[in-house]
Amino acid sequence: MKTLYRGIMASIALASLAACSTTPKPSFSTEAAPDINLAGYTTYSWAFPKRGGGNPFVYERVQNAMDASLAQAGYKLVAEGQGDMELAFTLGARDKVDVTNWGPVGPYYPGYGMNYRYGWAYQYNQVDVRNVTEGSMALDVFDAKSNRPIWHGVASARIGSTDSPSDALIQSAVQGLVDRFSTASGK
């Protein structure tokens, strides 16, 4: 019986641990030109194939992930200037302060909080202040003939303070943007 109980508890613990993901999930926002039918676009080239500034290895990982995701979605990479659409992406990060005011009770209910004695606990305020870095990846799609913007998408997520985001975060952001573009174009 003890072995069964331990096995069940270990399974619950592993399932709970697997449910906790260390990779932040990006949030997305998109906008498309209202008068353009995106379904007619099937080939693309990069508007800025050579990048300057930033970490060139991160740019290369992002571009390779985008090429793979776009190919999986049915889009074909062609030589520069030969596609129906031109793509450009930008990467950025900014530091900001995140403040959470837990109010007069904090994580404890006053009647059962810290220093609980005889049904009374003092009121206290708890404010958490954290410095966080938010990274963003923007994908812009232009009509190759008119150079008119036809679609714009942004993926944002909290990232670590390192210069290089994880491959899982890059893949998640790229796949989310490509999925949203494919959905907008009816693919």
Side-chain angles (χ1 to χ4, degrees), residues 17-98 130-187:
L17 187 60
C20 298
S21 175
T22 57
T23 302
K25 301 290 184 227
S27 60
F28 298 94
S29 64
T30 62
E31 186 175 1
D35 57 338
I36 302 264
N37 182 7
L38 298 175
Y41 295 93
T42 58
T43 60
Y44 73 96
S45 62
W46 289 104
F48 308 108
K50 300 289 183 204
R51 298 236 170 231
N55 185 336
F57 299 111
V58 173
Y59 280 100
E60 182 178 3
R61 288 177 18 220
V62 169
Q63 188 167 350
N64 289 340
M66 283 207 188
D67 286 337
S69 292
L70 287 164
Q72 186 178 11
Y75 297 99
K76 183 178 177 188
L77 175 63
V78 295
E80 187 177 347
Q82 301 297 314
D84 301 331
M85 55 188 169
E86 290 189 345
L87 277 59
F89 68 89
T90 55
L91 303 175
R94 68 177 182 170
D95 293 327
K96 66 180 193 175
V97 177
D98 189 13
R130 296 175 301 283
N131 289 326
V132 295
T133 303
E134 186 173 273
S136 63
M137 175 190 303
L139 175 62
D140 294 304
V141 181
F142 301 90
D143 181 89
K145 292 179 183 148
S146 66
N147 287 332
R148 181 175 176 216
I150 58 173
W151 191 84
H152 173 77
V154 177
S156 306
R158 286 188 177 174
I159 59 174
S161 59
T162 64
D163 189 31
S164 182
S166 69
D167 286 335
L169 179 59
I170 289 173
Q171 188 60 40
S172 177
V174 165
Q175 192 62 48
L177 287 171
V178 170
D179 286 348
R180 282 158 180 77
F181 178 71
S182 296
T183 301
S185 64
K187 284 196 173 195

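- In this structure, a donor-acceptor pair under 3.5 Å is absent between the side chains of Ser182 and Asp179.
- Atom CD1 of residue Ile159 and atom CZ of residue Arg94 lie 11.5 Å apart, to the nearest 0.5 angstrom.
- The backbone N or O of Gln171 sits nowhere less than 3.5 Å from a side-chain atom of Arg61 that would complete a donor-acceptor pair.
- A salt bridge between Arg158 and Glu134 is absent, with no side-chain N of the basic residue lying under 4.0 Å from a carboxylate O of the acidic one.
- Without hydrogens or angle criteria, Arg180 side chain to Gly176 main chain gives a donor-acceptor distance under 3.5 Å.
- Counting only N and O atoms by type, the side chains of Ser69 and Gln175 include a donor and acceptor under 3.5 Å apart.
- Formation of a donor-acceptor pair under 3.5 Å by the Asp98 side chain with backbone atoms of Arg130 is not found in this model.
- Relative orientation of the Trp46 and Phe89 rings is perpendicular, given thresholds of 30° and 60° on the angle between their planes.
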Practice task
Go through the steps to decide whether Phe181 and Tyr75 satisfy the test ring pair (Phe, Tyr, Trp, His ring centres under 6.0 Å), and finish with yes or no.
Solution key: CA-CA 11 Å; Phe181 178 71; Tyr75 297 99; 5.5 Å; yes

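- Judged by the 6.0 Å and 45° rule, Arg148 forms no cation-pi pair with Phe142.
- Using a 3.5 Å distance cut-off with no hydrogens or angles, the side chains of Asn64 and Tyr59 do not pair a donor with an acceptor.
- In this structure, Thr43 contributes its side chain and Asp84 its backbone to a donor-acceptor pair below 3.5 Å.
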